[in-house]
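Both backbone and side-chain heavy atoms feed into the values below; hydrogens, waters and symmetry mates do not.
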Amino acid sequence: QKVGSVPSGQEDIGIRCVLYDSTSHLIEGRTSIVYAGVWNVGVYQSKDGGESFQLIEGSPVQPRRMAITTSGQLVLTHEKGVAIYDGKSWKDITPNDVKGEPFCGVSTDASGSGKLIVSMDQTRRNGKYFVDNLPIYRTRDNGGTWEKVTKSPDWTTAPGWFKNHGFFQDAMSSLQMDPHHPGRVYSTDWFSIWYTNDIWAENTTWLNIPHGHEETYIFQLASPPAGDARLFVCSPDVSGFRVTDPGQYPENSFSRSYNE
């Protein structure tokens with residue numbers, strides 16, 4: 001059933017995110033409070049289980065992702081930073097050293113400790129993408145103070161071509177705190193999934209989970225009649241691969257990256 005009170009937003013982007021507030025009461029078994037982030041419009045809220053929505057006054061107009069704290073506050077990443085909504089008003093909680101920059105990933109701690117994490121989004125300056133190893137920030141007081149996470153990849157489980165090209169949390173899209181393992185955090189990026197077992201460590205180490213998750217677009221395949229190459233793969237962003245063993249990840253791609 002289409003909800004008429006929420007606009008479609010910008011044609012090529014539309015509704016960017018939807019979130020159910022798990023801390024709100026139920027209406028006939030449904031979560032009563034629901035949020036919808038509409039690109040170039042703002043954030044809409046429903047208090048009747050999605051029957052109707054109203055635009056929240058003062059909401060950032062280019063929302064990306066949302067999360068709920070255990071006290072019911074809405075945390076929103078957007079094109080110009082990070083904001084929190086307490087049910088009455090919005091507050092800018094963007095880390096001071098990156099005010100005005102785009103953010104995307106966000107996750108809150110299920111323990112109700114005031115801990116949350118956010119990640120910056122890719123951006124383009126002077127005709128070039130800034131996407132490599134995007135920063136993650138952490139806070140223990142719902143955005144009152146922030147720390148930039150020191151992080152490094154452990155390439156043990158990563159495909160060879162990830163390591164050889166240095167693909168680590170490029171164009172990071174989402175973050176998720178694991179409610180079953182305090183401190184563990186997962187991140188998704190252009191190509192795969194990474195995780196650390198302690199986001200609060202002084203230096204965090206991230207492992208890759210590639211099998212069944214590694215993502216590349218495949219435009220064309222060719223299998224030569226002779227030679228040791230079993231397959232040639234044509235792919236955007238990383239050009240493609242020369243495959244000698246279909247059961248193993250290639251060690252290299254044809255090209256360095258999307259900026260070349």
Side-chain angles (χ1 to χ4, degrees), residues 1-96 98-123 136-146 172-177 179:
Q1 181 180 352
K2 183 177 180 179
V3 178
S5 52
V6 179
S8 299
Q10 184 174 315
E11 183 177 353
D12 57 342
I13 299 179
I15 297 174
R16 187 67 172 79
C17 48
V18 174
L19 180 69
Y20 293 88
D21 182 354
S22 59
T23 69
S24 65
H25 68 279
L26 300 180
I27 299 177
E28 297 180 352
R30 294 178 298 167
T31 303
S32 58
I33 296 180
V34 185
Y35 296 96
V38 184
W39 191 257
N40 273 343
V41 180
V43 178
Y44 282 75
Q45 182 190 54
S46 173
K47 295 182 179 180
D48 55 12
E51 292 293 333
S52 63
F53 285 80
Q54 293 78 39
L55 179 65
I56 303 176
E57 184 178 354
S59 60
V61 298
Q62 293 178 316
R64 293 188 179 274
R65 293 190 182 275
M66 301 183 286
I68 290 287
T69 69
T70 54
S71 59
Q73 296 181 92
L74 174 68
V75 184
L76 173 76
T77 55
H78 58 94
E79 183 69 12
K80 299 296 182 182
V82 187
I84 192 167
Y85 179 66
D86 63 3
K88 297 179 180 179
S89 61
W90 291 92
K91 180 181 179 182
D92 177 27
I93 59 169
T94 311
N96 288 326
V98 283
K99 292 283 188 182
E101 293 290 331
F103 278 75
C104 194
V106 58
S107 186
T108 57
D109 194 324
S111 70
S113 59
K115 296 177 179 178
L116 63 94
I117 52 175
V118 293
S119 61
M120 293 188 68
D121 200 0
Q122 60 179 306
T123 187
I136 296 175
Y137 289 81
R138 63 193 181 194
T139 177
R140 294 175 171 85
D141 55 8
N142 279 337
T145 56
W146 293 92
M172 198 165 11
S173 175
S174 62
L175 295 172
Q176 182 61 55
M177 288 181 160

Please name the pair of heavy atoms, one in [X] and one in [Y], separated by the smallest distance, quoted to 0.1 Å.
X    : Y    : value
S24  : D21  : OG-O, 2.7 Å
T139 : G143 : OG1-N, 3.1 Å
T123 : P102 : CB-CG, 4.0 Å
G49  : I27  : N-CD1, 4.1 Å
G42  : S59  : CA-OG, 3.6 Å

*Sequence neighbours left out, what passes ring-ring contact (aromatic ring centres under 6.0 Å, His included) with W90? Give chain and number order.*
Y85
Can you confirm whether [X] sits close enough to [Y] that some side-chain heavy atom of one is under 4.5 Å from a side-chain heavy atom of the other?
X    : Y    : answer
V18  : V34  : yes
L116 : Y137 : no
I68  : L74  : yes
N40  : Q62  : yes
M177 : L175 : no
T108 : T70  : no
W39  : D12  : no

With [X], which residues qualify under side chain to side chain contact (heavy atoms under 4.5 Å, CB included), at least two apart?
X    : result
Q176 : S107
T77  : R64, R65, V82, F103, V106, V118
S8   : none
Q54  : S52

*Under 4.0 Å between a Lys/Arg side-chain N and an Asp/Glu carboxylate O for K80 and D92?*
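D92 and K80: not salt-bridged.
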Examine distances only and state if a side-chain atom of [X] and a backbone atom of [Y] form a donor-acceptor pair shorter than 3.5 Å.
X    : Y    : result
S32  : H25  : yes
K99  : G81  : no
S119 : I136 : no

*CZ/R16 to CE/M66 distance, rounded to the nearest 0.5 angstrom?*
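If I round to the nearest 0.5 Å, the distance is 10.5 Å.
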*Can you measure from OG (S89) to CD1 (I84) and round to the nearest 0.5 angstrom?*
10.5 Å
_Show me the pairs that pass salt bridge (charged side-chain N to carboxylate O under 4.0 Å, His left out) and involve residues 27-49, at least two apart or across chains._
R30-E51
*asked:* For I93 and N142: C-alpha separation, side-chain torsions, deciding distance, then whether side chain to side chain contact (heavy atoms under 4.5 Å, CB included) applies.
replied: CA-CA 8 Å; I93 59 169; N142 279 337; over 6 Å; no
